[in-house]
Amino acid sequence: MLLSLSLCALLVAGPSSVASFYLPGVAPTNYQIGDRVPLTVDRLTPSQSEKDSQVQSVFAFDYYHNAFHHCEPEGGPKQKSESLGSILFGDRIQSSPLELHMGKNESCKAVCGKQTFQPRDAKFVNRRILQNYNVNWNIDGLPAAQKMIDANEAIFYSPGFALGQVHGVELDNLTPVLNNHYNIFVEYHQAAQDTYRVVGVLVEPASSRDSKLLDDGKVDCGVTSDPVILSEKEPTEIIWTYSVYWVPSPTSFATRWDKYLHVYDPRIHWVSLTISALIVVALVGMVSTILLRTLRKDIARYNRLDDLGLDDFGGTNLDDTVQEDSGWKLVHGDVFRPPRHPMVLSILVGNGAQLFMMTGFTIAFALLGFLSPSNRGSLTTVMVMLYTFFGAVGGYVSARVYKFFHGDAWKQNIAFTPLLVPGTVFSVFFLLNLFVWARQSSGAVPFTTMLALVAIWFLISVPLSVGGSWLGFRGPESKPPVRTNQIPRQIPPSTGYLRPLPSMFLVGILPFGAIFLELYFIISSIWFSRIYYMFGFLFLCYGLMIATSAAVTILMVYFALCAENYHWQWRAFFTSGASAIYVFLYAMLYWVRALSFTSWTSGVLYLGYSALISALWFVLTGTIGFVATWAFVYKIYGSLKID
Ligand SMILES: *[C@@H]1O[C@H](CO)[C@@H](O)[C@H](O)[C@H]1NC(C)=O
């Protein structure tokens, strides 16, 4: 309760303190006037259409994909070394032939010579234009952006700029127009004498059919002329041109990301977060007070009866006390009976603990500002690394739980804990990647990266997990506080909301309620390369989610125990994990609201990854519910005096 209150206090403390924690510890690059400022290119990504703000594809394409006919630098494009995370997320950063010199305005330069689009390429590019693909460039770690204005008339920079424009309104006469000219506006800041830094990059693309190379090596950009329409019947010739303008800016290097990290309406965000937090806090408070009160009374009465000795009572009285003694105390001889399939449950709990640690530490790192948006993919890299190292925790927890269930196939437990869940995840990931690969999309994870992942898994994670398991099995068995009877008790049939499915659906919505706000932003950042940075919010939501999962699962299991149903282990896991159903439904709702895929492979990919994330969410929340309930059951039966 106190924790919830302090969380709440932190929440009200003000948006700035939580939201501005992204401040990266990245050293600025200094330039002098005339220095070359490198421009790197990244993959092309789908973006929202202006008309209905829907996204139509999930595939990204390599900048130097043949069909685009982008000019390559001399000697071919060079791969920039990237982190594992940014490769997994599909970034392909490469060098480019565009030349920018600090502080030197240059108008109308050709990137390279004439390019000819054959009808096949034209068809491919036109389709990408109709799907609103964006071109992504980086200059000094900053993404080239387009200036946007939100509903509150606030100006912000949206990373990426349009590959083309769509002319026409009717659905059957939409004409795709290719942008072949770029007006690049680089904002720069004078930090000291002769020291300049890049603090913002805007690109205004344009289209001009009549731009041509003149005989004297100069270029005519012909900006006022007709747009470029790639014919799908005959070859079309174009040239790529660009102009560079350096605009002095008062923005300092430390705050240069502010314009990019734009919250659409922070007020709504805060209001709804506060409301859901208050509901959650009230709920947790209510649950804990009710439980503490009733339980304390119950335990006190039970122990008093025990002290007096039931034999002292007359026959009628004895009946009374037995009557009163119904409920959770009756099942003390069965409550620690191992559940069915103890192996599967312990493996899931072990893996859940591993995920729990990974998520918590990742969010904490991000919150402390270790993961800068300038270091692309650092978040994913950190997640993979943490997951690998917390394999030890997974093995330990799995072994402890399995031992508690009196499992004796400990060899299988050690072997399957690091294989079952990661193996499933990897297989699904591999299968989905085949789709991406078949589409020639650059999002496909290269085979070598796959091998590297398998190597990390088997060379680091598995041994750590085995070590953890070994420690777990070596330790003494945690003895349950009450003895288990030889003969299992009959369980009365459950009714109403205590039946497994209704209780799952009822309970699952509450942990989901704690995070669904952030889920929207996380989904958009996964699929549409938006930058996610609200780790302050996410941290609070993660805390609220844990508290809610634990509280409602304990309450549900308490009710079940009162109804003399002592099968609490799987029930706790499933009721808490049920929020995964809502996460999946939410992803589907997002699909309906914000996506309109034009190919079935996009749909398969979206569906597959949503299912995968929901499954991991199930393991994570299920574990939280199970562990909380375990502690609870241990505590209440531990305070009973039974001879
Ligand atoms: C370059 O162009 C920009 C935009 O037109 C202008 O604001 C700036 O003063 C120019 N810089 C120089 C050095 O001419």
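Position 1 is the first residue of the sequence, and the numbers go up from there. Only this structure's heavy atoms are used, side chains among them; waters, hydrogens and symmetry mates stay out. Counting starts at 1 for both ligands and their atoms, following the listed order.
- Remark: minimum distance from atom 5 (O) of ligand 1 to any protein heavy atom is reached at Tyr245 CD2, 4.2 Å.
- Scanning all protein heavy atoms for the shortest distance to atom 8 (C) of ligand 1 gives Trp246 O, 3.6 Å.
- Among all non-hydrogen protein atoms, the one lying nearest atom 13 (C) of ligand 1 is Gly103 O, 3.9 Å.
- In this structure Ser158 satisfies the side-chain contact (heavy atoms from CB on, under 4.5 Å) test together with Met148, Phe156, sequence neighbours excluded.
- Both tests pass for Arg128 against the ring of Phe124: distance under 6.0 Å to the centre and angle within 45° of the axis.
- Distances from atom 14 (O) of ligand 1 to the heavy atoms of Asn183, Val186, Val247, Asn105 put Asn105 nearest.
- Pairs of residues two or more places apart, or lying in two chains, that qualify as salt bridge (charged side-chain N to carboxylate O under 4.0 Å, His left out) and include a residue from residues 180-189 are Glu187-Lys259.
- There is no side-chain donor-acceptor pair under 3.5 Å between Thr251 and His189.
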